[in-house]
Each structure stands twice: as structure tokens, then as C-alpha cells.
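In what follows, a single structure is set out as C-alpha cells and then discussed.
Computed from a prediction, not measured in an experiment: that's the story for all the values here.
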Amino acid sequence: MILTLTLNPSLDRTIEIASLDRGAVIRAAAAHLDPGGKGVNVSRALLANAVTSRAVVPYGGDEGRQLIRLLAAEGLDMVTVPVTGRTRSNVTLAEPDGTITKINEPGTALSPAELDTVADAVLAAAHSGGHEADWVVASGSLPPEVPSDVYARLCRRFAGAGIHVAVDTSGPALSCALGAAPALVKPNLEELSAATGMPIRCLGDVAGAAAKLRAAGARTVLASLGADGAVLVEDGGSWYGEAAVTEPRSSVGAGDAMLAGFLAAGGHGPEALRQALAWGAAAVRLPGSRMPGPGDIDLGAVTIGPPDPGRRLTTAHP
């Protein structure tokens, strides 16, 4: 079983528009309201593909109750933890060429007692319902006032209970988490550059930055590179893969679908990378933050091979 923990979940409203014209009145072509948050999306992707998962979701206020109703309507197995604050709402503007503009609220603070309650809920969920958790995915931005070492502390606690921990976050939270030796980290291009202080312009840079993260404590690095694919670096070697998307609709949640596919396929090796890329590409072809099911996923569209160090990225950073 794969557990997910989302400290800062959200209601995600995606609005499809012809183009973003600042200061104008824009008519929406379509709108979608989905439950959001990185861990929530991982569990939703696993559910869509009949992989056993359980989501631990703190929630508060009317928005939080609506979030829980949406997740319940999808049939998600979850443990809900009421908190005193209000669950945030995010807005995404999606243009036909795949350009995404996101407006994310900061979320609400969690007290130390609430954080302890959430961690206790994860450990209880890991050994209930007839399933034992193999992985905990701790992911997403931190709510205001939550210390940046929270994922590191959670990682040590969960790993101490015998559960592999995957961390998908950014900034100081990612840097702190590395010291707790997570089994897996999944940075995107910007996060990889920020965490290592390295410019990322080619696959050789990606591999070098991933090696730096592993030296800092991470055992496996799955680096998502957007349209350029992904690089996997682990004890068994390194691989590069890509999956072309000719008609992108929304990249919201695509990285979460990628992580879900990787863990669903065992969490290591080139075949897990293939699943990861196929799930992520399928999510990009769907509107809003919909998660792909088996009928959306095309493993044949994925190519896997050794990374060519000299290959330039189309979206270098910085």
C-alpha cells in the first residue's frame, strides 16, 4: 500500500481560456473543480489505476469540507484530520498551447499539536484496514509558519517505523529533508537547480545535480524535466526517458501522476521510469487536474535509454 500525506491540500479550479490578456474580460471555454494537493493527486492517480492507496488529509473550513466531499465522491480511501484553519483554494488558467498560469493561496498554519496528530494518523493508517504501507509520499508546499524541517522530522519518524519515504517538495523543506535520507526525492527542473545551486542546461547537468542530492542523503532521485522527460538516478544506475505529448491540455498534477506511476511499478529501475513517464504524459493530455486511468496511459509512447550528457534541454534553468 502507498500512503500519501498532504500538509497543504487545496481546492483546485482550472479555467480554460483562449489566451491570457491582462486587464481584459476573458470568457472561459470550460472550468473544472478538482481536489488538489500533491499527495492527494498521487492517491487519486493510484485509485484511477486500481493501486491500493490511502491519503491522510488535514482539512478546515467550508473549503476543507468541500474538498473531503469531492474526494469521497471519487471513492478515495482517506484518513481526514480536522484542523482549525481554512483549506486553501487555487486557480489555474490553462491556454490551448499548454501554457499554465497558477494562482495559489498560501494555506493555513498548522500548530505543533496538529502536526503531531497528522503524523500519528499516518502511522495508524500504515497498519490498518488489512494493508501494510510500503511507501509514504510526503509532498507539497508547507503551510505558513510550519518549520522547514518538518519533512525531515516526518521522514525519520516514518522510516523508523519501517516505511520507505518519498519526498516531493521544494526550497528549504527539500534541503532539510535530504539530511533525513529519504528513499526517494522527485524534484522538477527548477527545484533541482535551487537545491544544488547548479545551472541545469543539459542532461549531464541533471545527472550531476542528482548525484549531489544523493551525496546529501537521498537514495534515489527521480528528476522530472517537463517536456524534456525525466532522469532516474539510483544505486543500480541512471536512465533517461521521454514521452511526447502532441496535444497538451494541462500540466497540473502531471508530476504527481508521474510519481504515482513510478511507485506503482515498484519504485526503482527503468521499467518504473517508463510507467512514470507514461502516467505523467497521460495527465498532460487531460483537462484540469484529472488523473489518468488505464485507458489514458500509453507505454508504447515512452522511450528509455542511457542519458546523453551533452543533450541540451529545451527549458534550461536558469
Side-chain angles (χ1 to χ4, degrees), residues 3-16 28 30-45 47 53-94 100-125 136-154 167-174 176-177 250-253 255-256 287-291:
L3 285 176
T4 65
L5 170 60
T6 309
L7 291 178
N8 203 13
S10 61
L11 284 175
D12 283 358
R13 184 176 300 278
T14 300
I15 303 171
E16 297 186 27
H32 314 273
L33 182 64
D34 298 298
K38 296 184 73 62
V40 165
N41 284 336
V42 170
S43 280
R44 293 173 64 225
L47 172 65
S53 177
R54 183 172 296 142
V56 177
V57 187
Y59 73 98
D62 291 340
E63 293 86 349
R65 287 186 285 274
Q66 186 174 14
L67 170 68
I68 298 304
R69 287 195 298 270
L70 289 172
L71 292 173
E74 292 189 4
L76 195 74
D77 183 0
M78 60 184 162
V79 176
T80 60
V81 182
V83 297
T84 56
R86 177 184 66 83
T87 297
R88 63 184 177 146
S89 292
N90 298 333
V91 175
T92 297
L93 302 177
I100 296 296
T101 303
K102 298 191 69 175
I103 305 170
N104 289 352
E105 291 187 348
T108 188
L110 297 178
S111 69
E114 288 171 333
L115 287 170
D116 285 341
T117 299
V118 168
D120 290 342
V122 171
L123 290 174
V136 173
V137 176
S139 60
S141 63
L142 298 183
E145 302 177 31
V146 171
S148 58
D149 69 343
V150 66
Y151 283 137
R153 290 188 281 115
L154 291 172
V167 176
D168 184 6
T169 189
S170 60
L174 174 58
C176 289
S250 173
S251 62
V252 178
D256 308 322
S289 58
R290 278 183 52 194
M291 292 293 108

Checklist entry - Could you give the distance from CD1 (I15) to OG1 (T101), rounded to the nearest 0.5 Å? => result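 OG1 of T101 is found 11.0 Å from CD1 of I15.
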Checklist entry - Got a second to check how far Y59's OH is from I68's CD1, nearest 0.5 Å? => result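 Here the rounded value is 6.5 Å.
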Checklist entry - Would you say T87's side chain and G60's backbone share a donor-acceptor pair under 3.5 angstrom? => result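 Yes.
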Item to check | Main-chain N/O of V40 paired to T6 side chain as donor or acceptor, under 3.5 Å | outcome: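 At least one qualifying donor-acceptor pair exists.
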Checklist entry - When you look at S250 and I100, which way does the side chain to side chain contact (heavy atoms under 4.5 Å, CB included) test go after all the steps? => result CA-CA 7 Å; S250 173; I100 296 296; 4.2 Å; yes
Nearest heavy-atom neighbours spanning [X] and [Y]:
{"X": "A125", "Y": "L3", "answer": "CB-CD2, 3.9 Å"}
{"X": "A177", "Y": "A152", "answer": "CA-CB, 3.9 Å"}
{"X": "A94", "Y": "T14", "answer": "CB-CG2, 4.3 Å"}

Checklist entry - Name the one of T4, L5, V136 that satisfies side chain to side chain contact (heavy atoms under 4.5 Å, CB included) with V56? => result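 One option only clears the test, and that one is L5.
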Item to check | side chain to side chain contact (heavy atoms under 4.5 Å, CB included) partners of A30, counting only residues at least two apart | outcome: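 Partners of A30 by the side chain to side chain contact (heavy atoms under 4.5 Å, CB included) criterion, ordered by chain and then number, come out as E16, H32.
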For [X], check side chain to side chain donor-acceptor pair (under 3.5 Å) against everything at least two apart and list the hits.
{"X": "R44", "value": "N41, E74"}
{"X": "D12", "value": "S10, N90"}
{"X": "D116", "value": "none"}

Side-chain atoms of residues 77-86: list all donor-acceptor pairs with protein atoms under 3.5 Å, sequence neighbours left out, distances to 0.1 Å.
unit_1 : atom_1 : unit_2 : atom_2 : d
D77    : OD1    : R54    : NE     : 3.4
D77    : OD2    : R54    : NE     : 3.1
D77    : OD2    : R54    : NH2    : 3.4
T84    : OG1    : E114   : OE2    : 3.3
R86    : NH1    : E63    : OE2    : 3.3
R86    : NH1    : E105   : OE1    : 3.4
R86    : NH2    : E105   : OE1    : 3.3

Item to check | Within 6.0 Å of CZ in R13, more than 12 heavy atoms from elsewhere | outcome: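 Open: at most 12 neighbouring heavy atoms sit under 6.0 Å from CZ of R13.
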In a table with atom names and distances, give each donor-acceptor pair under 3.5 Å that connects a side chain of residues 138-147 to protein atoms at least two apart or in another chain.
unit_1 : atom_1 : unit_2 : atom_2 : d
S139   : OG     : G39    : N      : 3.0
S141   : OG     : N8     : ND2    : 3.2

Next on the checklist: For L115 and L7: C-alpha separation, side-chain torsions, deciding distance, then whether side chain to side chain contact (heavy atoms under 4.5 Å, CB included) applies.
Outcome noted: CA-CA 9 Å; L115 287 170; L7 291 178; 4.2 Å; yes
Item to check | Residue pair L11, L70: steps toward the side chain to side chain contact (heavy atoms under 4.5 Å, CB included) verdict | outcome: CA-CA 9 Å; L11 284 175; L70 289 172; 3.6 Å; yes
